[in-house]
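Read through the structure below, which is laid out as structure tokens, and then see the notes.
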Amino acid sequence: MGRQRSAELFENARKLIPGGVNSPARAWNSVGGTPIFFKRGEGSHAWDEDGNSYIDYVCSWGPLILGHSHPEIVKAAQDAAVLGTSFGAPTEFEVRMAQLVVDAVPSIELVRFVSSGTEAAMSALRLARAYTGRNRIIKFDGGYHGHDDALLVEAGSGLATAGIANSAGVHPDYAAATMVADYNDVESVERLLEAHRGEVAAIIVEPIAGNMGVVPPQDGFLQGLRDLATAHGTLLIFDEVISGFRAAYGGAQSVYGVMPDITCLGKIVGGGFPVGAYGASEEIMQTVAPLGPMYQAGTLSGNPVAMAAGIKTLELLSEPGVYEGIAATTDRLASGLEAIFAEAEVPAQVNSVCGALTVFFNSNPVSDMKTASASDGKSFARFFHGMTERGVYPPPSQFEAWFVSAAHTEKDVDDTLAAARDALTS
Ligand SMILES: *Cc1c(COP(=O)(O)O)cnc(C)c1O
């Protein structure tokens, strides 16, 4: 399995683009080696520039829940592009997309579309500050919410993989307003709220953590956050950029029955195009311009091509049986991996939810960033290369989620498990 073309392209890329990549998670910093350059994707598979094929579990880091190049999504985007790629004025696509999101996500009454998850989280924070008149926020160690200044503190996978605790260049005043609690530890949040009564605008949390690897919320954690937020007049923000339309059609909030004040969406809602969104009750969203004093805008926001792809994605996802299928495929993969690691006597923890899992090379259960950090990155790196050499492409970091799509078949899973068994025993 040669990767000569990828190596050549990477060499050229490094002369032109910092580190050869347009997002650090694509560099193989923690696993070593040369990133694979992809040329084509179809369903659960992707082909690299040298013609090697892979069962893809990165799936664009989450957006491709229906697999690569779904023909109906491609057609929807093509049809929209022919009509006009952007107007900077409203189109029917935005209204249809908003209706789908409002119908799907229980806590959203009004929704604003933006062009990335970063923008969604950044805008949600600004909205929380504008609505409450407070400045401080609480986030969680290992929680990632995009690269907004205020949120690049103990921000999980990308930084952990790059060996960076907190980004350079963040204005200290922004970082100072950000306080960090421990995931799955309600008391760590309560202590911060008590110490800063009346000052905390928002608690922002991934309701299912995905950027320290997959870490589901323990019983009572999300409800505990809800109760504390209500008691302190603090807004609860669920960053559902990964979990939205993945854990279930209505996101993690519909799975756990806990409602946030503001929800952030991204990844899946764009159907493979750049889309993010934030939404809340009508009362909170009254704060957003042009209704209210909080400014937020975007030249390409609600872009018709991206909206058309998003609409088709949500329509396909709302068909009966889709999530049951994704959950069954995920379970087959998770339990299969667990058995293979046990058989090979390699200590591992497989955390999974519908459509996502992480294999932690770790003897102990992983419930937060501290326990995730205790994982054996060197063993993961060897396993990662063993898998890519056998035609399986997991995320190139111990702290990322493997994404399972509706396009992954039982055969894909069985082939993946065979590759894992082979990689672990040789
Ligand atoms: C990916 C991600 C973001 C950032 O989205 P971008 O589109 O990469 O800006 C924000 N929050 C979470 C939970 C994410 O996983």
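Note that ligands are numbered from 1 as they come in the structure, with each ligand's atoms numbered from 1 the same way.
Taking the six-membered ring for Trp, Phe238 and Tyr256 have ring centres at least 6.0 Å apart.
Between Arg382 atom CZ and Asp376 atom CG the span is 7.5 Å, to the nearest 0.5 Å.
Scanning all heavy atoms of the two residues, the minimum distance from Pro216 to Asn184 falls at O-ND2, 3.3 Å.
Protein residues are said to neighbour a ligand when one of their heavy atoms lies under 4.0 Å from it; for ligand 1 these are Ser116, Gly117, Thr118, Tyr144, His145, Gly146, Glu206, Asn211, Asp239, Val241, Ile242, Lys267.
A donor and an acceptor atom, one from each side chain of Thr330 and Ser352, are nowhere located under 3.5 Å apart. Checked by atom type, the side-chain pair Gln296/Arg112 shows a donor-acceptor distance below 3.5 Å.
In this pair, His408 and Tyr57 present their aromatic rings parallel. The plane angle is below 30°, not in the 30 to 60° band.
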